[in-house]
Each structure stands twice: as structure tokens, then as C-alpha cells.
**Student:** 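I'd like to ask some things about the structure below.
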Amino acid sequence: MPSQESRPTIHIPGTTSHTIAPRAVSGGREGTLRYLKAGTGAPLVLLHTVRTQAEHFRHLVPLIADRYTVYALDLPGMGYSEIVPGASYDEPAMRAGVQRLLTELDLNDVTLVGESMGAVLALTAAADLPERVRRVVAVNTYDFPGGIARSSLLARVVVSGVLAPGVGPVIAGVEPKPALRTILQGGLGDKSALREDYVDELLKVGSRPGYPIVARAVYQALPSLIAARPRYPEIKAPIHLVYGEKDWSRPSDREANKQLLPAAEFTQVPKAGHFIALERPDVLSDLLNAVA
């Protein structure tokens with residue numbers, strides 16, 4: 001459980017908070033992971049986007065908890081998972097966190113659902129653990145150049161600043177609420193889907209000691225998500241690709257994944273942007289409940 005001082009300001013009804021203990025690995029350690037749990041039924045794991053946390057799925061979890069036992073993970077170093085100094089945030093390191101959840105909780109027949117960065121991790125984790133994964137739903141996979149920088153001019157300026165040598169760590173530690181709100185709204189077709197209490201929660205997490213280092217490292221590691229695309233054809237489980245019509249990906253990016261995964265189901269959500277879990281959780285719940 002998070003400490004009183006680090007407890008989230010948002011509570012998803014029906015969820016309980018849990019942790020997975022840290023473990024030693026070659027050359028260092030992997031930190032404590034926090035996850036939310038709700039519901040009954042076969043296991044379903046939710047993997048969030050860049051710069052968010054398990055509460056990203058606040059509207060989706062109640063819609064699927066009658067059909068699934070839901071596990072919403074805070075990826076390593078994000079949300080209320082432990083920040084380990086010097087840790088890597090490239091795709092293999094973040095995937096290892098997903099694998100820890102599945103293996104240490106001994107989850108089988110798992111539906112993996114990820115959005116953005118989480119979609120890539122759902123796909124690559126499924127490639128690594130075919131015996132545990134039943135199905136993958138990949139929402140707006142973040143596996144193309146540009147990504148969040150396509151959100152708006154402000155996003156391009158901020159991301160470029162965070163990645164810049166010298167001043168990057170300073171810029172990563174400065175996150176005015178209006179700037180964060182504008183960048184996130186750039187991932188929505190319906191701007192009103194971004195709730196103020198959610199922005200406040202993200203800012204609270206962003207003020208954790210060491211979090212600016214994590215944020216910068218995640219942005220630096222985004223090319224590793226693109227590099228993971230060749231692993232998709234290794235996946236044995238059925239795959240459903242979901243894209244918002246107004247997602248940051250271009251039609252050519254989506255078509256490239258359709259060609260890479262010709263057997264995958266494909267859904268495009270009209271008028272929706274990058275954060276479908278915030279904007280159209282009903283679409284995802286209908287899709288998931290139909291195959292529970």
C-alpha cells in the first residue's frame with residue numbers, strides 16, 4: 001500500500017491497492033510495483049500511457065469488473081511504484097515490470113490491455129509469455145516517431161526541452177498545470193474528457209522526489225518502443241488493434257501495423273483521440289465484455 005503521504009487523491013470504486021515486493025537482479029534491483037485490483041473473473045491487466053498511472057483507467061475499471069478480475073499496474077517508477085535511482089526505462093525494463101506482475105501473481109489466461117506505451121508493452125509481454133496470455137487489446141500503440149510531440153506546438157517545445165542536454169533535467173522538473181492540461185488535451189477529441197482532479201493527481205505524482213528524472217528517462221527511451229515493433233509477429237494470442245480516429249498516429253502508421261499483424265482485429269473509434277480510456281471507455285468495455 002502507498003504511505004499516507006503518497007496515497008492517490010483519486011479512488012476507483014471497488015478497487016484495492018497492492019504492491020509487489022522489489023527484487024534483486026543482475027547489476028541492481030527492480031523496485032516495488034504498485035497495482036490496483038478489482039472485480040471477479042478471468043484476469044485482465046491494464047497498462048497505462050506515458051506520464052500517467054493506474055488511475056488512467058478510472059472510468060474503464062467499473063465497466064469491466066463484473067466480467068474480469070482487473071489488475072491496473074503502475075509501470076516501474078511511475079504512479080506510486082518505487083523510483084529506483086539509475087534504473088532503466090527502456091522498453092525491455094518496463095516490460096520486465098509487466099512480466100513481474102503476471103509471474104509473481106501467477107496469472108494465467110490473461111487479457112492484456114494497454115494504451116499508448118502500455119499497448120506496446122502488452123504486445124511484447126505477450127510475445128514473451130505466450131503460455132499466460134489469452135488475448136491482447138492494443139489501444140493507440142506508441143510505436144511511431146513523433147508521438148506526443150504531435151499533440152501540439154506546446155508539446156513539441158516541452159518534449160524537445162526535456163530531451164535537451166544540460167537544461168533537460170531542469171525543464172523536466174517544471175510542470176505548470178496549464179501546460180500539462182494543454183498537452184493532455186491534445187490527445188483528446190473531446191477536451192472535456194480530461195477531468196481537473198485527474199490533472200491534479202498527475203501533478204501530485206510528478207512532485208515525487210526523483211520523478212523528473214523518471215519522466216526525462218521515459219522520453220529518452222521512447223525510441224525503444226519503436227524498436228520493439230518487429231516482435232509483434234511472435235505473438236501467439238489473438239490481437240485487437242484499437243485506434244482513435246484523431247490519434248497521434250497517422251493512417252500510414254496504423255496501416256503498417258495492420259500489415260505486420262494481418263490476423264489482428266481492427267477498430268477505429270470515430271472522433272476519439274489518443275486517450276480512449278479517458279474519452280470512450282464504453283467502447284473498450286463493450287469490446288472486452290463481449291469476449292469475456
Side-chain angles (χ1 to χ4, degrees), residues 1 12 14-25 30-49 53-57 60-76 78-82 91-139 141 228 231-242 261 263-265 267 277 281 284-292:
M1 293 281 290
I12 304 173
T15 62
T16 52
S17 183
H18 307 265
T19 58
I20 296 172
R23 68 177 184 181
V25 294
E30 295 174 342
T32 301
L33 295 174
R34 174 249 191 179
Y35 66 94
L36 302 178
K37 182 180 179 182
T40 57
L44 182 148
V45 172
L46 295 171
L47 305 173
H48 61 80
T49 75
Q53 58 195 72
E55 280 76 16
H56 182 73
F57 299 104
L60 177 59
V61 171
L63 299 178
I64 59 176
D66 286 343
R67 303 286 186 92
Y68 295 95
T69 302
V70 182
Y71 301 83
L73 178 66
D74 278 347
L75 290 167
M78 291 172 249
Y80 295 91
S81 287
E82 183 182 359
E91 185 274 330
M94 291 189 288
R95 182 185 354 128
V98 179
Q99 293 171 334
R100 283 174 63 196
L101 180 75
L102 269 62
T103 58
E104 297 197 22
L105 298 185
D106 195 24
L107 302 182
N108 294 286
D109 198 31
V110 177
T111 298
L112 281 176
V113 182
E115 184 160 84
S116 184
M117 172 178 67
V120 176
L121 298 176
L123 290 162
T124 56
D128 277 357
L129 298 173
E131 71 284 358
R132 292 185 180 271
V133 177
R134 168 192 177 191
R135 180 181 304 274
V136 182
V137 178
V139 184
T141 54
R231 298 212 57 206
Y232 296 176
E234 300 174 27
I235 300 166
K236 308 297 186 194
I239 299 168
H240 197 137
L241 299 173
V242 181
L261 297 167
E265 296 181 77
T267 296
L284 297 180
S285 66
D286 287 349
L287 183 157
L288 293 166
N289 288 335
V291 295

**Student:** Once the angle between the rings of Tyr35 and Tyr71 is folded into 0 to 90°, is it parallel (under 30°), tilted (30 to 60°) or perpendicular (over 60°)?
**Tutor:**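 Answer is tilted, since the angle falls between 30° and 60°.
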**Student:** Would you say the side chain of Met117 lies within less than 4.5 Å of the side chain of Met78, judging by non-hydrogen atoms?
**Tutor:**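 Met78 vs Met117: side chains touch.
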**Student:** Examine distances only and state if a side-chain atom of His48 and a backbone atom of Leu75 form a donor-acceptor pair shorter than 3.5 Å.
**Tutor:**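 Yes; judged by distance alone, with no hydrogens or angles, the pair exists.
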**Student:** Determine, for Glu30 against Arg95, whether the closest basic-nitrogen to carboxylate-oxygen distance falls under 4.0 angstrom.
**Tutor:**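 A salt bridge is absent here (no side-chain N lies under 4.0 Å from a carboxylate O).
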**Student:** Quick check: does any side chain N or O of Thr141 sit under 3.5 Å from a backbone N or O of Ala138, one acting as donor and the other as acceptor?
**Tutor:**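 Here the side-chain-to-backbone pair does not exist.
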**Student:** Donor-acceptor pair, Arg67 side chain versus Asn289 backbone, under 3.5 Å?
**Tutor:**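 Yes.
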**Student:** Got Leu102 and Val133 here, is their nearest side-chain heavy-atom distance under 4.5 Å?
**Tutor:**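 Yes, their side chains come closer than 4.5 Å.
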**Student:** I'd like to check His240 versus Thr267 (side-chain heavy atoms, cut-off strictly below 4.5 Å). Are they in contact?
**Tutor:**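 Yes, side chains in contact.
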**Student:** Scan Thr103, Asp109, Leu112 and name whichever one has a side chain to side chain contact (heavy atoms under 4.5 Å, CB included) with Arg132.
**Tutor:**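 One option only clears the test, and that one is Thr103.
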**Student:** Is there a side chain to side chain contact (heavy atoms under 4.5 Å, CB included) between Leu101 and Leu33 once you walk through the steps?
**Tutor:** CA-CA 8 Å; Leu101 180 75; Leu33 295 174; 5.6 Å; no
**Student:** Checking salt bridge (charged side-chain N to carboxylate O under 4.0 Å, His left out) for the pair Arg23/Glu82: CA distance, chi angles, key distance, verdict?
**Tutor:** CA-CA 12 Å; Arg23 68 177 184 181; Glu82 183 182 359; over 6 Å; no
**Student:** Is there side-chain contact between Met94 and Leu47, with at least one heavy-atom pair below 4.5 Å?
**Tutor:**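 No, their side chains stay 4.5 Å or more apart.
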**Student:** Between the side chain of Ser81 and the main-chain N/O of Arg34, is any donor-acceptor distance below 3.5 Å?
**Tutor:**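 Here the side-chain-to-backbone pair exists.
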**Student:** Does the side chain of Pro130 reach to within under 4.5 Å of the side chain of Ile235, using non-hydrogen atoms?
**Tutor:**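 Contact flag for Pro130/Ile235 side chains = no.
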**Student:** Taking the side chain as every heavy atom from C-beta outward, state whether Leu288 and Leu44 have any atom pair closer than 4.5 Å.
**Tutor:**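 Yes. Closest side-chain heavy atoms under 4.5 Å.
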